[in-house]
**Student:** 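I'd like to ask some things about the structure below.
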Amino acid sequence: MREDGRLDPATAAFLAHRSLLFTVAYEMLGSAADAEDVLQETWLRWADVDLDTVRDQRAYLVRITTRQALIRLRTLRRRKETYIGPWLPEPLLTAPDVAEDVELADSLSMAMLLVLEALTPTERAVFVLREVFDLGYDEIAEAVDKTSTAIRQIAHRARAHVAARRPRDVVSPAETRAALEAFQRAVETGDLQSLLDVLAPDVVALSDGGGVKQAMPRPIVGADKVVRLFAVGLAMVGTEMSLEPAHVNGYPALIMRLNGEIDGVVAVRVEDSLVTGLYYVRNPEKLSRVERETAVSR
């Protein structure tokens with residue numbers, strides 16, 4: 001900061017694009033904590049840049065962030081190999097208006113972040129920068145140190161991988177909210193048939209306790225099995241446990257509280273008005289971002 005109290009140009013530019021840079025890093029990593037570390041590394045490198053040589057500050061900052069996120073992503077992949085139980089992205093409490101940007105909300109959703117896990121680090125970077133942030137092939141080539149021709153091929157391959165795994169249609173927040181409200185009513189009333197009615201026959205349930213909190217050690221597939229799993233804990237709802245609607249990763253979700261304290265976050269994937277994916281994050285290290293809103297943008 002200058003003596004007159006104004007921000008110096010480097011700091012002003014970084015802060016102006018901070019939420020964008022965080023979103024880029026988070027979508028590449030699925031971890032807010034690691035995204036913040038990437039932003040710290042980005043700032044250290046940006047502070048040493050001669051701004052007179054920078055034609056497009058936004059593009060330059062995105063390039064630094066992408067390179068740092070790629071380094072961190074490869075480290076994360078090794079860490080996930082020893083992770084106890086299923087790994088789920090770190091949930092973010094987001095403002096309700098994030099849902100108005102349908103493409104941004106879809107890219108932040110728990111379901112999409114899990115789809116992106118199937119990509120290689122470079123494919124993930126290219127997909128995020130091209131499909132979510134609409135960067136040109138030349139800009140992406142500079143960010144990941146590849147030729148524009150190679151980037152086009154990687155982008156095509158990444159789109160094909162994502163298309164094969166993502167829902168057929170982008171589901172509106174309203175449709176997700178309706179399914180989630182039906183799910184919440186069924187859980188709160190202990191109505192197992194209503195719970196069964198809102199779940200797709202082949203629903204997949206994942207829970208992430210990180211080896212700290214009790215969680216399912218592997219995915220549970222099938223509505224009957226998921227209902228039996230929930231039946232065990234339904235007696236606690238309304239006494240020790242409560243469900244609180246929230247906006248998480250751009251979509252409606254539920255925050256589960258145990259004796260008033262946050263115990264976990266329930267997010268869903270919805271197709272044809274039925275829950276096809278149920279994601280329950282209980283790992284305490286991943287719950288700090290649901291106590292306050294995180295700014296995201298593109």
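Hydrogens, waters and symmetry mates play no part in the numbers below; they use all other heavy atoms, side chains included.
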**Student:** So that I can tick it off, tell me whether Arg269 and Glu271 are bridged by a salt bridge, with the cut-off set at under 4.0 angstrom between side-chain N and carboxylate O.
**Tutor:** yes
**Student:** Look at the side chain of Glu139 and the backbone N and O of Gly136, then say whether any donor-acceptor pair between them is shorter than 3.5 Å.
**Tutor:** yes
**Student:** Answer with yes or no whether the hydrophobic clustering places Leu135 together with Trp46; edges join I, L, V, M, F, W, Y residues whose side-chain heavy atoms lie under 4.5 Å apart.
**Tutor:** yes
**Student:** Closer than 3.5 angstrom, by distance alone: can the side chain of Ser19 be matched with the main-chain N or O of Val296 as a donor-acceptor pair?
**Tutor:** no
**Student:** Checking side-chain hydrogen bond (donor to acceptor under 3.5 Å, both in side chains) for the pair Asn249/Tyr279: CA distance, chi angles, key distance, verdict?
**Tutor:** CA-CA 12 Å; Asn249 288 57; Tyr279 315 113; over 6 Å; no
**Student:** Are any of the side-chain heavy atoms of Glu293 and His247 separated by less than 4.5 Å?
**Tutor:** no
**Student:** Let me check something: do Leu93 and Leu258 share a hydrophobic cluster, defined by ILVMFWY side-chain heavy atoms less than 4.5 Å apart, either directly or through other members?
**Tutor:** no
**Student:** Under the criterion side-chain hydrogen bond (donor to acceptor under 3.5 Å, both in side chains), I'd like the reasoning laid out for Thr294 against Arg289: C-alpha separation, chi angles, the key distance, then a yes or no.
**Tutor:** CA-CA 7 Å; Thr294 295; Arg289 288 283 180 152; 3.1 Å; yes
**Student:** Evaluate side-chain hydrogen bond (donor to acceptor under 3.5 Å, both in side chains) for Thr11 paired with Asp8, printing each intermediate quantity in order.
**Tutor:** CA-CA 6 Å; Thr11 302; Asp8 61 87; 2.8 Å; yes
**Student:** For Phe14 together with Trp43, are the ring centres under 6.0 Å from each other?
**Tutor:** yes
**Student:** Check whether any side-chain heavy atom of His156 sits under 4.5 Å from a side-chain heavy atom of Arg152, and report yes or no.
**Tutor:** no
**Student:** Using side-chain contact (heavy atoms from CB on, under 4.5 Å) as the criterion, point out the one residue from Val275, Val198, Val270, Leu254 that pairs with Leu180.
**Tutor:** Leu254
**Student:** Determine, using ring centers only, whether Phe183 and Phe230 are less than 6.0 Å apart.
**Tutor:** yes
**Student:** Do we see a donor-acceptor contact under 3.5 Å between the side chains of Gln40 and Glu36?
**Tutor:** no
**Student:** With sequence neighbours excluded, give me every salt bridge (charged side-chain N to carboxylate O under 4.0 Å, His left out) pair touching residues 201-218.
**Tutor:** Asp208-Lys286, Lys213-Asp263
**Student:** Quick check for you: to the nearest 0.5 Å, what is the distance between Met112 atom CE and Asp106 atom CG?
**Tutor:** 4.5 Å
**Student:** Using the test ring-ring contact (aromatic ring centres under 6.0 Å, His included), find all partners of Phe127 that sit at least two apart in sequence or belong to another chain.
**Tutor:** none
**Student:** Is the shortest side-chain N to carboxylate O distance from Arg72 to Glu41 below 4.0 Å?
**Tutor:** no
**Student:** Among all residues two or more places apart in sequence or in another chain, which pass the side-chain hydrogen bond (donor to acceptor under 3.5 Å, both in side chains) test with Tyr251?
**Tutor:** none
**Student:** Does Ser107 reach the main-chain N or O of Val132 with its side chain, forming a donor-acceptor pair under 3.5 Å?
**Tutor:** no
